[in-house]
Structures are given as C-alpha cells and as structure tokens.
2 protein chains.
Amino acid sequence: MPSESAERILEAATRLFGERGYPSTSMRDIGEAVGLLAGSLYSHISSKEAVLLQIIETGLDRYLGALLPIVESDQPADERLRAAVKAHVELVASHVEESLVALHQWKFLGGENRQRIEAKRHAGSAAFARVLAECIESGVFKPVPSPDITISGILGTLNWVPEWYSPKGPATPEEIGEQLADLLLGGLLASPPADDGPKPRPKANSSKSR
Amino acid sequence: MPSESAERILEAATRLFGERGYPSTSMRDIGEAVGLLAGSLYSHISSKEAVLLQIIETGLDRYLGALLPIVESDQPADERLRAAVKAHVELVASHVEESLVALHQWKFLGGENRQRIEAKRHAGSAAFARVLAECIESGVFKPVPSPDITISGILGTLNWVPEWYSPKGPATPEEIGEQLADLLLGGLLASPPADDGPKPRPKANSSKSR
DNA sequence: CCTACCGATCGGTAGG
DNA sequence: CCTACCGATCGGTAGG
C-alpha cells in the first residue's frame, strides 16, 4: 500500500533524478513537483537515499524478471540472445528515466544498499554471458578472443539507448530492438565471406549497391 | 602558460568529477587534493564551471583531432569506419576519467557553454554517420532501416567503454578496439547465410576469422 | 595562498 | 501536512 502520495513522490523523483542526477535534486525540488514542502515528504518516505534505492531496485527487479526467463528458456542459444537483446531495448525504452537512474545514480548509494544493487546488476550481465558462451559452444557464433569484451560491447549498445531514445522519435522500441539485434548478431558487412543461399531472415537485400 | 598549479587543479578535478560527478565534488575536495584551501583555488581558476568546461573541451578537441582526419582520409569507407572505431576506443581507454566527465557531466554546463560542447559532440557523431552512409552507398555494408539507430548503437558500444575499462585489466586498448570493431562490423554469427566459397572482396586485414 | 567571512541551500526533525 | 528550525556545507570574495 504505497499510499498514492508515496507513489507520486517516487514518480517525481525518478524524473528529477534522471534529468539532473541525484545529488543536484533537492528534497525541495521533489516537494515542489508533488505540491508539498520538503519536510512534509518525510511522512511518506524515510530518506532521500531510500527513494533512490527503491527506484533502482524496482527497475532492476522488473528487468531481471523479464530477462532471466528468456535466457533460461529451451530455445536455441542464438534465439535466446536475440530475444534478450530485444527485451533489454524494449524495457529501457519504455522506462527511460528509471533506466537512467538505475544505470548512473547507483554510485550514490551507501555501502550495503550499493552492494545489493551491484549484485543484481551482475546477475543481468552474467545471464548475457552464459547465453553468449552457449552460442559459441554450439558453433552458431564465431569464437571471440574475450567473451567479456563482447558482453561489455553488447551491453554498451543496449545501455546507451536511454541516452538517445525518445518516445516522440520515429522508431518504436520494437523496431529499435530488432535493428540493434541485427547489428550485434549480424554485423554491418554485406558479405563477410559470400552471400547467397538460404537466408535465415528476410532483411533488406543482399548485393544491390546503389 | 597554465602555471602548473592550474594543471594540477585540472587533473584533480578530472579525477574527482569522473568519480563522484560534478555536483557532489566541492571546491574544498579539489583543494584538498592539491593541498590548497578552497578559496585559494580562485587564484588559478575563475570558477568551478570553468574547470568543468575546460576538461570537457580539451577532451573533445583531442577526440575530434584524431577522428576527423581518419574519417576524411581517402581510404575505403569500411576501412575508415574500422579505423574510427578503433581510434575512439583507444582514446577513451587512455583517458577514462576525462571521458566519463565529457560523456556525463556536460549536463551541468550553463546555456552557452553547453551549446558549444553539444555542437562539438554532434560533429563527432555526424562524422560517424557520414562514413556509415558511404559504406552503405558503396555496397560494402548492408542497408539498414535507420542509419541513425545504427550510429547510436555503435556509439553506445564505444561510449560505454569508460564504464568498464581498466588499465589494470588483461586486455590492451588496441585489443579491445580490434574486438569491438569485429563485433560491430562482422557481427557474432558464424555464418550469416553461408560461409564458404570464394571471397569476393580483396580486403587487407578484415577479420582474421578466428 | 591564507584568514575570515558572506548569503544561500542542504537533508532532516520537533511539535503540533 | 505545515511552521519553524537545526547544524552542516556550498561556491565564492575581501583584504591582506
């Protein structure tokens, strides 16, 4: 029972923390956004850091709740990776401000809160790493010198989405997820070695330049 | 003649702004790092924001100075893109703290300072967009539904590097740049459609197809 | 480069 | 949920 007032405080704080960052958002800013004085906020929340923690943890739990079932399903590994990429994009695009907070403001959590959040962040990237390893083991993916670097590269593309995505833009989260999955799985080159034969996916065209 | 004291202030501020962010770094923090009191800093710098501006602009100028000659060279477009990706990675990896400041703390610049920085940031991504367009026009790259999305995806991978790279890690910036270029240009799949037969393209390095 | 200080603002609380 | 307030800290300055 978050009492509605508490929910409105969380929503306002999410937007303000995402826009200006945690340290430069004052309790007076949050109060103004919800029509209360700074001191009155403490009837609904226990501290500024508790608000930050709840924003981040809510977002991370929703993210892991979507990601882990995909990664642990019984589909082929490369399809699981593609689905995970798309799910990641669609989640951060539909929660841009919350994602910005979760990705950048966790540094301002104190000791134990920060450790719990870091563990959950690690669970997400570890899930990506497992499915990548299975993709390589099965021979569907090329081996790479360092799987960790590949994972960081993929997560970079995905975690950067909240920096530029706008719901007012021309592309839907689904379209963005699809195109970024194509980029990461298929690359940009038209013909790594050669290009004809059965196409697994119906994309664009092969070799008609200009 | 930045007077050495000014240089030491810039260096300390780069590290502190990168670690804690601009708003939660006080002039007293910076003073402590260089062995001065907060008030004494103002003999060497004009304001806190001027320090932030100089850190960001120095980094961006170095970045554009490395990137633009590569993008505008007369090599084939796909080789220019590969070289640009590698240069980007190597620059941010060799200036991690400065890159973190340039990528995230520019939001705290006021009106006109912020506009000038945004223009320079745009110059970098526009250069990437031009070379990507040429890669597609020449037929070396597959067409994509939205080149903007592809550029944002690439820059995400590259701009995320300062979040995880450590000079104490096992991989050198060169190795990381090479592997991320392979990821973005060649993708992860071992065989997009089919993978044998004659190579239609006489590329010097491409990927050593591990 | 320090002493000494300015007004403003911070997160949070007491008491109603 | 407000009034009234706490001690701490902020960026920056005057004067030497």
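Predicted model, so just to flag it, every value in this text is computed and none were measured. Numbered from 1 within each chain, the chains take letters A, B, ... in sequence-line order.
Contacts of B:Asp61 classified as side-chain hydrogen bond (donor to acceptor under 3.5 Å, both in side chains), with partners at least two apart in sequence or in another chain: B:Lys120.
Partner of A:Phe128 under the side chain to side chain contact (heavy atoms under 4.5 Å, CB included) criterion, out of A:Val71, A:Thr150, A:Leu155: A:Leu155 alone. If you run salt bridge (charged side-chain N to carboxylate O under 4.0 Å, His left out) between A:Glu118 and each of A:Arg114, A:Arg116, A:Arg121, only A:Arg114 comes through.
No more than 12 heavy atoms of other residues, nucleotides or ligands lie within 6.0 Å of CD in A:Glu32, so this atom counts as exposed by the packing criterion.
Contact check of residues 44-53 of chain B against DNA chain D (heavy atom, cut-off under 4.0 Å) returns B:Ser47, B:Lys48. Remark: B:Leu36, B:Leu37 in residues 30-39 of chain B come within less than 4.0 Å of DNA chain C through at least one heavy atom. Across residues 9-29 of chain A, not one residue has a non-hydrogen atom less than 4.0 Å from an atom of DNA chain D.
Note that NZ of B:Lys86 and CG of B:Leu81 are 12.5 Å apart. Values are rounded to the nearest 0.5 Å. The CD atom of B:Glu98 lies 8.5 Å from the CG atom of B:Leu60; values are rounded to the nearest 0.5 Å. With rounding to the nearest 0.5 Å, the separation of CG in B:Leu132 from CZ in B:Phe141 is 7.0 Å. Rounding to the nearest 0.5 Å places OG1 of A:Thr14 at 9.5 Å from CG of A:Leu52. The distance from atom NZ of B:Lys48 to atom OH of B:Tyr42, rounded to the nearest 0.5 Å, is 8.5 Å.
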*Dot-bracket for DNA chain D: what is it, with Watson-Crick or G-U pairs under 3.5 Å, [ ] where a pair crosses earlier ones, and | for a pair to another strand?*
||||||||||||||||
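Between A:Asp29 and A:Arg20, at least one side-chain nitrogen of the basic residue sits less than 4.0 Å from a carboxylate oxygen of the acidic one, meeting the salt-bridge criterion. In summary, B:Arg80 and B:Asp74 do not engage in a salt bridge, as defined by a charged side-chain N under 4.0 Å from a carboxylate O.
Of all nucleotides in DNA chain C having an atom under 4.0 Å from a heavy atom of chain B, the first and last in 5' to 3' order are C:dC1 to C:dT3.
Put simply, the side chain of A:Ser73 gets close to the backbone of A:Ile70: a donor and an acceptor are under 3.5 Å apart. Not a single donor-acceptor pair under 3.5 Å links the side chain of A:Tyr63 to the backbone N or O of A:Val92. Listed for the A:Glu49 side chain is a donor-acceptor partner under 3.5 Å among the backbone atoms of A:Gly110.
Taking every heavy atom of both residues into account, A:Gly18 and A:Val101 meet most closely at N-CG2, 3.5 Å.
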